[in-house]
Protein chains: 2
Amino acid sequence: MPQTRNAYPLLGLLNLRSWSTYELAQQVQRSLHWFWPTAERRLYDEPKLLVELGLAEATEEFTGRRARREYRITRAGRRALRLWINEPSAPRTCEFEALAKVFFADAGSIHQLESVIDGIAAESIDRIKQLGEMLEAEAPFPKRAHVSVLAMQLQLEQEEGVLHWSQWARTQIKQWRSTKDPGDWPTEALRAELAARAHPRAPGE
Amino acid sequence: MPQTRNAYPLLGLLNLRSWSTYELAQQVQRSLHWFWPTAERRLYDEPKLLVELGLAEATEEFTGRRARREYRITRAGRRALRLWINEPSAPRTCEFEALAKVFFADAGSIHQLESVIDGIAAESIDRIKQLGEMLEAEAPFPKRAHVSVLAMQLQLEQEEGVLHWSQWARTQIKQWRSTKDPGDWPTEALRAELAARAHPRAPGE
DNA sequence: GCCATATACTGCATGTTGCAGTATATGAGG
DNA sequence: CCTCATATACTGCAACATGCAGTATATGGC
């Protein structure tokens, strides 16, 4: 079966309709990218690999002299897609450079930390806006609205969570003397509160 | 300045103390991996690149005949780290195979979807547990507890968000006839609710 | 006609990953 | 003491992913 990381997500899109490569690239940017980021460069080679494996078919079409490859899923492709759902999923990973900067904030100044946090806020506001636009636009696949809404619920909540955290963090660091000295900020109490949340215990325990 | 993606996060760790490569690899797994996932294989080459750039220094030490390289940050390294904090951060990305499966759930069955969601729940429970253990263990860098707690607040909240979503999603799909037919599930009302959340409007607007 | 942008790609150097392997040290158990 | 599993400490390498720059043709506005 497919060896590359993008094979199944791409089969997922091909299962919705046929696409030209350029259209695929655009659709990946619009929807898949939120939870399956990949370089556009790959999107021109990967469908060809699917064709080699019999999971997709390609036709070449022309606009004047400009060629375009259009891909369509095969029955074997649909079957592979269905089986993929059964397989254990890879652990979730998140690449968050700004949070790394927060984690190493004591290497810089409070002003720098403020900027980083503001950047985090701005990004989540922008992503929430983008999600909003997608939710309000005419749905490209109306019959799939229910699964789309199910997934977007999580996407939106994650973005809201990041935004709320950034607002909270902004208020908290105001109490710090410096990035190296939190002054009277209740570090220990917050640590204990987080620990309790991570280990829910019965009242008597 | 450094060309590789791991340079600055590694400098961040080197700024805390000196490390052998193996120790670095372990520490990356413990802390950085949550928001800066990288392959262990890289951790043996990258510090050498930092040394070449004058951002770190290495000493070779021995346990009997077994060699070990220990790395320590330089002043230039500290400066580079501080400047990194000022640079625009790369957009956050999240690789979530299970959510991709949810997104393409209509290619499979309700039972498959239930399994995927249960897997999501199990993973977040495990990660919350791990965070709890970290919060309760003796802090490796007590003087940095405040920045650590600040970052972990976001980590924990994201995990809780995923867990809550999975619980909610589990109740919702119970109402679906199939992954292709949500029956009377209020798709449109939920879509509208999400849209409203994504576009906060004043009451008169 | 010109030009900016869209559509539709590809070559390629560089960076990243996963895996399998090597070498030495350590400690438990027989 | 010996054996063996695991830890410590790496490296080689094939395959894959990425970013970037480039090419070619189509489109539409001025």
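Side chains included, hydrogens not; waters and symmetry mates left out as well; all remaining heavy atoms used. Below, chains carry the letters A, B, ... as their sequence lines are ordered, and counting in each starts from 1.
- Residues of residues 26-40 of chain B having a heavy atom closer than 4.0 Å to DNA chain C, listed by number: Thr38(B), Ala39(B).
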Checking salt bridge (charged side-chain N to carboxylate O under 4.0 Å, His left out) for the pair Asp106(B)/Arg144(A): CA distance, chi angles, key distance, verdict? CA-CA 8 Å; Asp106(B) 53 323; Arg144(A) 307 185 68 250; 2.9 Å; yes
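- Residues meeting the side chain to side chain contact (heavy atoms under 4.5 Å, CB included) test with Ala169(B), sequence neighbours left out: Leu150(A), Ile117(B), Trp165(B).
- Residue Lys48(B) places its NZ atom among more than 12 non-hydrogen atoms of other residues, nucleotides or ligands, all under 6.0 Å distant.
- Mapping Tyr22(B) and Lys48(B) onto DNA chain D by nearest heavy atom places Tyr22(B) at the nucleotide closer to the 5' end.
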Salt bridge (charged side-chain N to carboxylate O under 4.0 Å, His left out) for Arg92(B) and Glu159(A)? Distances and angles first, verdict last. CA-CA 11 Å; Arg92(B) 178 178 18 115; Glu159(A) 297 305 327; 3.0 Å; yes
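- Between Glu193(A) and Arg197(A) there is a salt bridge, since a side-chain N of the basic residue sits under 4.0 Å from a carboxylate O of the acidic one.
- Because its NZ or CZ atom is both nearer than 6.0 Å to the ring centre of Trp19(A) and within 45° of the ring axis, Arg17(A) counts as a cation-pi partner of that residue.
- Under the 3.5 Å distance criterion, with hydrogens and angles disregarded, a donor-acceptor pair is assigned to the side chains of Thr38(A) and Asn6(A).
- Taking 4.0 Å as the cutoff to heavy atoms of chain A, we find the contact window on DNA chain C bounded by dA6(C) to dC12(C).
- The stretch residues 51-69 of chain A touches DNA chain D through Thr63(A), Gly64(A), Arg65(A), Arg66(A), each having a heavy atom within less than 4.0 Å of the strand.
- For Trp185(A) and His146(B), the gap between ring centers reaches or exceeds 6.0 Å.
- For the residue pair Gln27(A) and Arg30(A), a side-chain donor N or O sits within less than 3.5 Å of a side-chain acceptor on the partner.
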Output one line per pair: protein atom, nucleotide atom from nucleotides 13-16 of chain D, and distance, for all N/O pairs under 3.5 Å.
from: dC13(D); atom 1: N4; to: Arg41(B); atom 2: NE; distance (Å): 3.4

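- In this view, Tyr8(B) and Trp84(B) satisfy the ring-ring contact (aromatic ring centres under 6.0 Å, His included) rule, not counting sequence neighbours.
- In this structure, Tyr44(A) places its OH atom 17 Å from P of dA17(D), rounding to the nearest Å.
- Put simply, the side chain of Thr93(A) never gets that close to the backbone of Pro37(B): no donor and acceptor are under 3.5 Å apart.
- If you take CG on Leu194(A) and NE2 on His199(A), they are separated by 11.5 Å, rounding to the nearest 0.5 Å.
- A donor-acceptor pair shorter than 3.5 Å cannot be found between the side chains of Trp36(B) and Glu97(A).
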